[in-house]
Colleague: 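Let me begin by handing over the structure; questions about it come next.
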Amino acid sequence: MGQPIAVRTDFAAVEVRRLARRAKDSDQVRRLLAIAAVLDGASRAEAAKVGGMDRQTLRDWVIRFNEQGPDGLINIPAPGAPAKLNTEHRAFLARIVDEGPTPPIHGVVRWRACDLIMRLYEEFGISVSDDTVYRALKDLGFSHVSARPRAYKQDPEAIEAFKKTSTLAWRKSAAASRGTPVEVWFQDEMRVGQKNKLTYRWARKGSRPRAAHDQRTQSTYLFGAVCPELGTGAGLVLPFCNSEAMQLHLNEIASKVSPGAHAIVILDQAGWHGAKELKIPHNISLMPLPPRSPELNSQENIWQFMRQNWLSNRVFKSYDNIVDHCCYAWNTLIDQPWKIMSIALRDWAYIGRSI
């Protein structure tokens, strides 16, 4: 064993113990107590016993204490293996994922781990595993999600213009009811039938669960509208989707509007929504959406939620059975106003809505 090393004298034993009481690292605490014992005049063997170590280990920590002070008594984590992807690699990975693949050039319509591995190899000559790519993407803020559908030939400028100018349209459409409260409603229809949809579900890894999928074609239509601000809605189950059915639904919406209020009903440009024979109730104004912009209609999200939770993965025995399930699903939704608010509320739809 080497010669004893003197402990630096700019720290008193009392001060070192005070530091030990404040320290949060248990290993640092016992090393500080051992050094405090040395400063109090204890033998190296006694001080080492206080810190739960041998004399050689105490000597090593005294050297660290002399060089770095109390912070030098904290364990330094091992650096581990160097990262396979450096800053440049990660920046390249983030850029190509943001841009997405070009099918004629890359031969794929979405990036897979094997595609990204190949791109990294072509660009930098490095070989990495799937797990390395997945971890890097997660660290960069990416997640594996399903794409939101976008209608063909959609006009993004028209969508943004609708969000910004809809307030002016409300003032114009509800001019006769100036000074009255305004409610914003979203309206749409959904076909529910025996040829039903299958949805995602939890299952054991490596398995693929099966669900019954009927091929019969009996169906009905669920007309629905919600007012996200109030968490309420108006729905009808009807055998046809035409102007007569739309008239019934408008009358139903009108009956659900708060007394003394005027409803702005946002809906798509389906033919029966703008039929000349429709008689719009006095407390309703219709506001058609731009063409091919279903994402502006939050009733679409309501339909998705209802299918995923109550209507999909089922086999309907008869037409009446379909109607019963539609009624159950809609009534269950109406009993959860907070769910309607959470799913359907859109900030842009409530900017300057007072008239």
Colleague: Please set out all donor-acceptor pairs under 3.5 angstrom arising from side-chain atoms of residues 61-72, sequence neighbours excluded.
Modeller:
residue, atom, partner, partner atom, Å
Arg64, NE, Gly72, O, 3.1
Arg64, NH2, Gly72, O, 2.8
Arg64, NH2, Ile74, O, 3.4
Asn66, OD1, Arg8, N, 2.9
Asn66, ND2, Ala6, O, 3.0
Asn66, ND2, Val62, O, 3.4

Colleague: Kindly say whether Gln187 contributes a backbone atom to a donor-acceptor pair with the side chain of Asn297 at under 3.5 angstrom?
Modeller: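 Yes; at least one donor-acceptor contact below 3.5 Å.
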
Colleague: Would one find more than 12 heavy atoms of other residues, nucleotides or ligands at under 6.0 Å from atom CZ of Phe124?
Modeller: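 Yes, CZ of Phe124 has more than 12 neighbouring heavy atoms, counting only those of other groups under 6.0 Å.
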
Colleague: Considering only heavy atoms from C-beta outward, does the side chain of Phe11 approach that of Leu19 to under 4.5 Å?
Modeller: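 They are in side-chain contact.
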
Colleague: Please report the interatomic distance CG(Leu286) to CD1(Ile266), rounded to the nearest 0.5 Å.
Modeller: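 Between Leu286 CG and Ile266 CD1, I get 11.0 Å after rounding to 0.5 Å.
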
Colleague: Any side-chain heavy atom of Glu189 sitting closer than 4.5 Å to one from Trp272?
Modeller: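 With C-beta onward as the side chain, the pair touches.
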
Colleague: Answer with yes or no whether the hydrophobic clustering places Tyr134 together with Val108; edges join I, L, V, M, F, W, Y residues whose side-chain heavy atoms lie under 4.5 Å apart.
Modeller: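 In one cluster: no.
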
Colleague: Atom OG1 of Thr232 and atom CE of Met341: how far apart are they, to the nearest 0.5 Å?
Modeller: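 Output value for this atom pair is 9.0 Å.
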
Colleague: Would you call Met246 and Leu267 a side-chain contact if the rule is heavy atoms closer than 4.5 Å?
Modeller: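 Side-chain contact under 4.5 Å: yes.
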
Colleague: Would you check if the side chain of His249 reaches a backbone N or O of Ala234 as a donor-acceptor pair within less than 3.5 Å?
Modeller: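 Present.
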
Colleague: Would you name the heavy atoms of Pro239 and Tyr221 that are closest together and state the gap between them?
Modeller: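 Shortest heavy-atom contact: O-CD1, 3.8 Å.
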
Colleague: Is there a side-chain contact (heavy atoms from CB on, under 4.5 Å) between Leu120 and Leu85 once you walk through the steps?
Modeller: CA-CA 9 Å; Leu120 288 168; Leu85 297 178; 4.1 Å; yes

Colleague: Let me confirm one number: the CG-CD distance from Asp10 to Glu15, rounded to the nearest 0.5 Å.
Modeller: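 Asp10 CG to Glu15 CD: 8.0 Å, rounded to 0.5 Å.
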
Colleague: Does Met118 share a hydrophobic cluster with Phe142, counting links as ILVMFWY side-chain heavy atoms below 4.5 Å and allowing steps through other members?
Modeller: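 Cluster IDs for Met118 and Phe142 differ.
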
Colleague: Group every Ile, Leu, Val, Met, Phe, Trp and Tyr by side-chain heavy-atom contacts under 4.5 Å, then state whether Phe316 and Trp310 land in the same group.
Modeller: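 As far as the 4.5 Å side-chain criterion goes, Trp310 and Phe316 are connected within one cluster.
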
Colleague: Determine the minimum heavy-atom distance between Ser127 and Tyr121, stating which atoms define it.
Modeller: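 Residues Ser127 and Tyr121, closest heavy atoms: OG-CD1, 3.7 Å.
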
Colleague: Assess the residue pair Ile280 and Val265 against the criterion (side-chain contact (heavy atoms from CB on, under 4.5 Å)); give the C-alpha distance rounded to whole Å, side-chain angles, the decisive distance to 0.1 Å, and a yes or no.
Modeller: CA-CA 11 Å; Ile280 311 301; Val265 180; over 6 Å; no

Colleague: Show your working on side-chain contact (heavy atoms from CB on, under 4.5 Å) between Ser285 and His262 and close with a plain yes or no.
Modeller: CA-CA 8 Å; Ser285 293; His262 191 88; 2.7 Å; yes

Colleague: Can you name the closest pair of heavy atoms from Gln299 and Phe186 and give their distance?
Modeller: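 Of all heavy-atom pairs spanning Gln299 and Phe186, the closest is OE1-O, 3.6 Å.
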
Colleague: What's the shortest heavy-atom distance between Cys326 and Val237, and which atoms?
Modeller: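 For Cys326 versus Val237, the nearest heavy atoms are CB-CG2, 3.8 Å.
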
Colleague: With heavy-atom distances below 4.5 Å as the criterion, would you say the side chains of Pro281 and Leu250 are in contact?
Modeller: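 Of all side-chain heavy-atom pairs linking Leu250 with Pro281, at least one is under 4.5 Å.
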
Colleague: May I ask you to test the Leu32-Arg17 pair for a side-chain heavy-atom distance under 4.5 Å?
Modeller: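 When only atoms from C-beta onward are counted, Arg17 and Leu32 do not touch, as no gap falls below 4.5 Å.
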
Colleague: How far apart are the C-alpha atoms of Asn301 and Ser298, what are their side-chain angles, what is the distance that settles it, and do they pass the side-chain hydrogen bond (donor to acceptor under 3.5 Å, both in side chains) test?
Modeller: CA-CA 5 Å; Asn301 302 101; Ser298 56; 5.6 Å; no

Colleague: Give me each pair satisfying salt bridge (Lys or Arg N to Asp or Glu O under 4.0 Å) with a member in residues 112-123, each pair once, sequence neighbours excluded.
Modeller: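 Output for this query lists Arg112-Asp115, Arg119-Glu122.
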
Colleague: May I ask whether Leu58 and Leu39 are part of the same hydrophobic cluster, defined by side-chain heavy atoms of I, L, V, M, F, W, Y residues being less than 4.5 angstrom apart, directly or through others?
Modeller: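 Yes; tracing contacts between hydrophobic side chains, which count when under 4.5 Å, links both residues.
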
Colleague: Without swapping roles, check the side chain of Ser342 against the backbone of Trp338 for a donor-acceptor pair under 3.5 Å.
Modeller: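 No.
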
Colleague: Starting from Tyr328, can I reach Val226 by hopping between I/L/V/M/F/W/Y residues whose side chains sit under 4.5 Å apart?
Modeller: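 As far as the 4.5 Å side-chain criterion goes, Tyr328 and Val226 are connected within one cluster.
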
Colleague: In the structure I gave you, are the side-chain heavy atoms of Trp330 and Met306 within less than 4.5 Å of one another anywhere?
Modeller: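 The answer is yes, as the side chains (C-beta and beyond) meet within the 4.5 Å cut-off.
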
Colleague: Tell me which one of Asp130, Ile126, Thr132 satisfies side chain to side chain contact (heavy atoms under 4.5 Å, CB included) with Ile117.
Modeller: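 Testing each of Asp130, Ile126, Thr132 against Ile117, the sole residue satisfying side chain to side chain contact (heavy atoms under 4.5 Å, CB included) is Asp130.
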
Colleague: Is any side-chain heavy atom of Leu296 less than 4.5 Å from a side-chain heavy atom of Asp268?
Modeller: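 Sidechains of Asp268 and Leu296: no contact.
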
Colleague: Determine yes or no for a side-chain-to-main-chain donor-acceptor pair under 3.5 angstrom, with His273 supplying the side chain and Gln269 the backbone.
Modeller: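 No, because the side chain of His273 does not come within donor-acceptor range (under 3.5 Å) of the backbone of Gln269.
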
Colleague: With rounding to the nearest 0.5 angstrom, report the CG to CD distance, Leu278 to Glu244.
Modeller: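 Reported to 0.5 Å precision, the distance equals 9.0 Å.
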
Colleague: Other than Val29, which residues form its hydrophobic cluster under the rule that side-chain heavy atoms must be closer than 4.5 Å?
Modeller: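 Grouped by the 4.5 Å side-chain rule, Leu33, Val50 form the rest of the cluster around Val29.
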
Colleague: What's the shortest heavy-atom distance between Ala254 and Ile284, and which atoms?
Modeller: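 Shortest heavy-atom separation between Ala254 and Ile284 comes out as N-CD1, 3.6 Å.
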
Colleague: Please confirm whether the backbone N or O of Val192 pairs with a side-chain atom of Ser219, one donor and one acceptor, at under 3.5 Å?
Modeller: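 No.
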
Colleague: Hey, does Arg314 have a side-chain heavy atom less than 4.5 Å from the side chain of Asn321?
Modeller: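 Result no, sub-4.5 Å side-chain heavy-atom pair not found.
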
Colleague: Write down the atom of Phe305, the atom of Asn309, and the distance for their closest heavy-atom approach.
Modeller: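 That would be O-ND2, 2.8 Å.
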
Colleague: What is the distance from atom CD of Glu300 to atom CD of Gln304, rounded to the nearest 0.5 Å?
Modeller: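 Interatomic distance, Glu300 CD to Gln304 CD, rounded to 0.5 Å: 9.5 Å.
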
Colleague: Quick check against the 3.5 Å criterion: does His89 have a side-chain atom that pairs as donor or acceptor with the backbone of Asn86?
Modeller: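 Answer holds: yes.
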
Colleague: Rounded to the nearest 0.5 Å, how far apart are CZ of Arg59 and CG of Asp54?
Modeller: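 It comes to 12.0 Å.
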
Colleague: Judged by modelled atom types alone, do Trp185 and Glu183 share a side-chain donor-acceptor pair under 3.5 Å?
Modeller: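 The answer is yes; a qualifying pair exists.
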
